[in-house]
Amino acid sequence: MIPYGRQSISQEDIEAVTAVLQSDFLTQGPQVPLFESSIAAITQSSYAIAGNSATSMLHVACLALGVTEGDIVWTSPVSFVASANCSLYCGATIDFVDIDPATANMCPEALAIKLSMASKTNKLPKVIIAVHMAGHSCDMEKIAALAGQYGINVIEDAAHGIGGHYLASPLGSCKYSDITIFSFHPVKIITTGEGGVATTNNPDLAKAMSLSCSHGITKNKADMENSNEGDWFYEQQSLGYNYRMTDMQAALGCSQLKLLSHVVAVRNRLAERYQNLLNDSDIKVVIPLEGSVSAYHLLLVQLPDKCDRKSIFNAMRKAGIGVHVHYIPIHLQPYYQELGFKKGSFHNAEKYYQSCLTLPLFPNLTFEQQDYICNTLKELVC
Ligand SMILES: *Cc1c(COP(=O)(O)O)cnc(C)c1O
């Protein structure tokens, strides 16, 4: 089976992790700060905080922004469930903003309408989580302007997006947001096994997220509330978690980062080739906004309306092609249905879901495999 995504691990990666295993520190050593500063440099952000997953970092990002009981958070229904779950961890209420079917990202026009209605009923969200689906940036200028108008904080869920750009800025620069989150799960662009990073330009948010990742404990003398009793001294200043990244993971991350721009370039070349191969069909490739460069975590297509997605999915799998579906709209999950969300409430998201299909895309995908995938799909669609 040709998988829909696959990590690439080099000999150099293996040696980087092995070196940590032979060193003094398996965790809380020098590799984590090294990985953090590398991410800050690549994303042109002031601070990067590493943790054990993007899910954990979404949680600490919400906490740092003060999300708590009684608050409302909005995100896109077309995302992985973690984009919404993070607000529920904080005791807040979640709601969704429908997508633009052309981009599969949060629709700024739908956001504007929903905000205007919410301001009249006093139900404005505290935080908007914009998800860069497939690595294709949301229209952040518009989203940031709307959020600013109402005094709402913005988190970018860039789990798919490391190495991508929006206008003149790398994803993670936080030029249009308070915090950006990246995932380093093996299916994403580059990997640390499990892992996530939050970037921000705000020192207070950086400090709060860093504390939350490690029990709420600081060992930094300058940050102590009480007088320092000695070199053993530490303070727990908030209720935190153990969301730390290990040095083994960070070493893998540092090594993988060296190939990031190459990986993103290869993914873009393959994505462009997909577009050319499918150009003579009714299959629409979901492409990034003009002026942005996607990391292309996923190659998303929309099948023509006449197609039965399920039978095409099954036939592709039978042909050895590991197609996938991203995503089942979050509000249709049983857990969210129990929270009161109804089918039919986010029309574009549900329509998108009916006809979306994810085609294999990873750096080692060959032209031959790609030709086979496109020919098989076109035959099934005609
Ligand atoms: C993968 C993913 C996450 C969660 O990432 P983990 O590192 O696996 O916790 C969050 N949001 C989106 C959009 C994702 O695709």
Side-chain angles (χ1 to χ4, degrees), residues 3-7 32 35 39 48-63 73-90 94 96-97 99 103-106 127-138 140 143 154-164 171-172 177 179-199 209 212-213 241-246 249-250 252-253 256 267 286 288 294-300 324-331 333 336 349 352-353 356 358 361-362:
Y4 85 90
R6 191 183 197 293
Q7 73 275 14
V32 172
F35 185 53
I39 297 283
I49 295 103
N52 61 5
S53 72
T55 303
S56 300
M57 299 319 286
L58 282 164
H59 182 195
V60 301
C62 286
L63 290 173
V73 173
W74 289 359
T75 190
S76 167
V78 177
S79 184
F80 184 56
V81 291
S83 307
N85 288 345
C86 56
S87 61
L88 303 180
Y89 298 156
C90 303
I94 187 77
F96 303 95
V97 181
I99 61 159
T103 63
N105 278 329
M106 184 182 283
V127 173
I128 293 168
I129 302 177
V131 183
H132 303 311
M133 184 67 180
H136 304 0
S137 178
C138 293
M140 289 311 297
I143 291 174
V154 177
I155 297 174
E156 294 175 73
D157 181 344
H160 302 176
I162 189 90
L171 258 61
S177 65
I179 299 169
T180 303
I181 306 296
F182 296 107
S183 171
F184 299 100
H185 183 278
V187 297
K188 310 285 162 86
I189 309 297
I190 56 165
T191 188
T192 58
E194 295 276 3
V197 165
T199 62
M209 290 193 285
S212 285
C213 281
Y241 302 84
N242 182 350
Y243 281 172
R244 290 189 300 257
M245 178 178 274
T246 68
Q249 293 169 307
L252 178 55
Q256 289 254 306
R267 284 178 172 275
V286 179
S294 178
Y296 266 108
H297 164 48
L298 300 171
L299 196 293
L300 307 171
H324 220 291
V325 169
H326 293 92
Y327 290 94
I328 303 163
I330 299 172
H331 69 285
Q333 294 292 349
Y336 282 84
Y352 173 83
Y353 167 59
C356 69
T358 305
L361 181 61
F362 48 91

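Counting starts at 1 for both ligands and their atoms, in listed order. This chain uses plain numbering: 1 for the first residue, then up along the sequence. Just so we're clear, the structure is a prediction, and the values are computed from it rather than from any experiment. Side chains included, hydrogens not; waters and symmetry mates left out as well; all remaining heavy atoms used.
The protein atom (non-hydrogen) at minimum distance from atom 1 (C) of ligand 1 is K188 NZ, 1.5 Å. For atom 4 (C) of ligand 1, the nearest non-hydrogen atom of the protein is T55 OG1, 3.5 Å. In terms of protein heavy atoms, atom 15 (O) of ligand 1 is closest to H160 NE2, 2.6 Å.
Using bins of under 30°, 30° to 60° and over 60° for the plane-to-plane angle, the ring pair F96/Y336 lands in the perpendicular bin.
Ring centers of H136 and Y296: under 6.0 Å apart, within the cut-off. Less than 6.0 angstrom separates the ring centroid of F35 from the ring centroid of F184.
Remark: the Q249 side chain and the T192 side chain contain no N/O donor-acceptor pair separated by less than 3.5 Å. Between T191 and Q7, the side chains place no donor N or O within less than 3.5 Å of an acceptor N or O (distance only, hydrogens not considered).
In F182, neither the side chain nor the backbone holds a heavy atom less than 4.0 Å from any atom of ligand 1. Proximity of A54 to ligand 1, defined as any heavy-atom pair under 4.0 Å, is shared by backbone and side chain alike. The proximity of D157 to ligand 1, defined as any non-hydrogen pair under 4.0 Å, is limited to the side chain.
Within ligand 1, the atoms closer than 4.0 Å to a non-hydrogen atom of S79 are 13 (C), numbered from 1 in the order shown. Atoms of ligand 1 lying under 4.0 Å from any heavy atom of G195, numbered from 1 in the order shown and given with element: 7 (O). The distance from ligand 1 to the heavy atoms of Y327 drops below 4.0 Å at these ligand atoms: 15 (O).
Atom CZ of R244 is surrounded by more than 12 heavy atoms from other residues, nucleotides or ligands within 6.0 Å. Residue L88 qualifies as enclosed at atom CG: its count of foreign heavy atoms under 6.0 Å is above 12.
Assignment of G196 to the shell around ligand 1 is not supported, since no heavy atom sits closer than 4.0 Å. Contact analysis leaves S56 out of contact with ligand 1, as no non-hydrogen atom separation drops below 4.0 angstrom.
Proximity annotation for atom 8 (O) of ligand 1: of H326, H132, M57, H185, H185 comes nearest, heavy atoms only.
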